[in-house]
Amino acid sequence: MAGDQFTQIANGLFRDSRLSFKAKGIFGYLSTHRDGWQITVAELVRCGREGIDAVTTGIRQLERYGFLYRTRERNADGTLGQALYVITDLPALQNPRSRPGSGFPGLDEPTLAVLGTKNNTKRRPPSRTPDPSVRATTATPRTNPHGRTSRQRRSLRRRR
């Protein structure tokens, strides 16, 4: 993608509203270098004004929406080696993750087994009508050990 004096990037990347301006700027900076150019996240932080958090979230956005692919190499002894980043400005055409990876059919319209219905109706308990002979009791005001309510105590304090 990079040339000696200019870089050409598809407009779709810059018009993608899912990406922040920091992600678009990181992509633009990365695309100005030739293939095989090596850089670390720490070097990206040193090249710009943003901190490590802004750079890593920008890289995550690019990766989430298919503009950047990240893989890790394995060393001969089985340990993880360096990370390899590959960028593309046309993710729909080159994203291997966007295609289904297995031969199983999708679940757009799954077929459901026909199950017999079960009688879920429950009997209601007989309704009870209130007995007119039982009166509702009203709450009595709370009293203290001297037999006075809080309102009576307040009025006594004011008189003193």
Side-chain angles (χ1 to χ4, degrees), residues 1-128 130 136 138-139 141-142 150-151 153-154 157-158:
M1 287 190 336
D4 288 335
Q5 301 297 318
F6 65 93
T7 301
Q8 193 172 17
I9 301 173
N11 289 335
L13 176 122
F14 292 106
R15 293 180 181 157
D16 193 335
S17 61
R18 299 173 299 176
L19 295 176
S20 66
F21 283 114
K22 67 182 163 194
K24 294 172 185 178
I26 291 170
F27 185 91
Y29 179 76
L30 293 175
S31 64
T32 62
H33 296 85
R34 293 191 179 274
D35 289 343
W37 174 67
Q38 295 183 4
I39 191 163
T40 63
V41 174
E43 290 174 19
L44 282 174
V45 171
R46 280 193 293 268
C47 292
R49 294 182 181 179
E50 291 75 21
I52 191 164
D53 293 335
V55 172
T56 54
T57 56
I59 289 173
R60 283 189 197 132
Q61 282 180 11
L62 291 170
E63 187 175 18
R64 182 181 321 139
Y65 298 116
F67 294 99
L68 181 138
Y69 305 111
R70 186 183 339 197
T71 59
R72 289 292 293 261
E73 294 179 350
R74 287 272 180 190
N75 295 331
D77 60 352
T79 59
L80 288 175
Q82 68 180 11
L84 177 66
Y85 293 85
V86 178
I87 60 170
T88 179
D89 56 353
L90 300 171
L93 301 176
Q94 299 177 8
N95 187 353
R97 295 181 194 169
S98 67
R99 297 183 196 109
S102 66
F104 297 111
L107 296 175
D108 288 342
E109 294 180 26
T111 56
L112 300 174
V114 178
L115 301 175
T117 60
K118 182 179 175 184
N119 186 1
N120 289 331
T121 58
K122 294 182 181 178
R123 291 186 177 207
R124 292 184 184 172
S127 63
R128 296 187 178 166
T138 58
R142 298 179 88 186
S150 59
R151 184 174 288 168
R153 282 190 306 233
R154 275 188 242 131
R157 287 182 195 150
R158 288 182 196 149

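- The distance from atom CG of Leu62 to atom OG1 of Thr57, rounded to the nearest 0.5 Å, is 10.0 Å.
- With a 6.0 Å cutoff to the six-membered ring centre and a 45° limit on the axis angle, Lys24 does not count as a cation-pi contact of Phe27.
- In this structure, Arg18 places its CZ atom where more than 12 heavy-atom neighbours from other residues, nucleotides or ligands lie under 6.0 Å away.
- Taking NZ of Lys22 as the reference point, atom CD of Gln61 lies at 6.0 Å (rounded to 0.5 Å).
- To the nearest 0.5 angstrom, Leu90 atom CG is 8.5 Å from Phe67 atom CZ.
- Put simply, CD1 on Ile26 and CG on Leu19 are 10.5 Å apart, with the number rounded to the nearest 0.5 Å.
- Counting all heavy atoms, side chain and backbone alike, Pro91 lies closest to Gly66 at CB-O, 3.0 Å.
- Between Ile59 atom CD1 and Leu30 atom CG the span is 7.0 Å, to the nearest 0.5 Å.
- Arg72 places no side-chain N or O within 3.5 Å of a backbone atom of Leu84 that could act as its donor or acceptor partner.
- Thr56 places a side-chain N or O within donor-acceptor distance of the main-chain N or O of Ile52, the cut-off being under 3.5 Å.
- When every heavy atom of Ser31 is checked against every heavy atom of Ile9, the shortest pair comes out as OG-CD1, 3.2 Å.
- Atom CD in Gln82 sits 9.5 Å away from atom OG1 in Thr71 (nearest 0.5 Å).
- Classified by interplanar angle (parallel below 30°, tilted 30° to 60°, perpendicular above 60°), the ring pair His33/Trp37 is parallel.
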Candidate pair Tyr85 and Ile39, rule side-chain contact (heavy atoms from CB on, under 4.5 Å), full reasoning: CA-CA 9 Å; Tyr85 293 85; Ile39 191 163; over 6 Å; no
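- For CD of Gln38, the number of neighbouring non-hydrogen atoms (other residues, nucleotides, ligands) closer than 6.0 Å is 12 at most.
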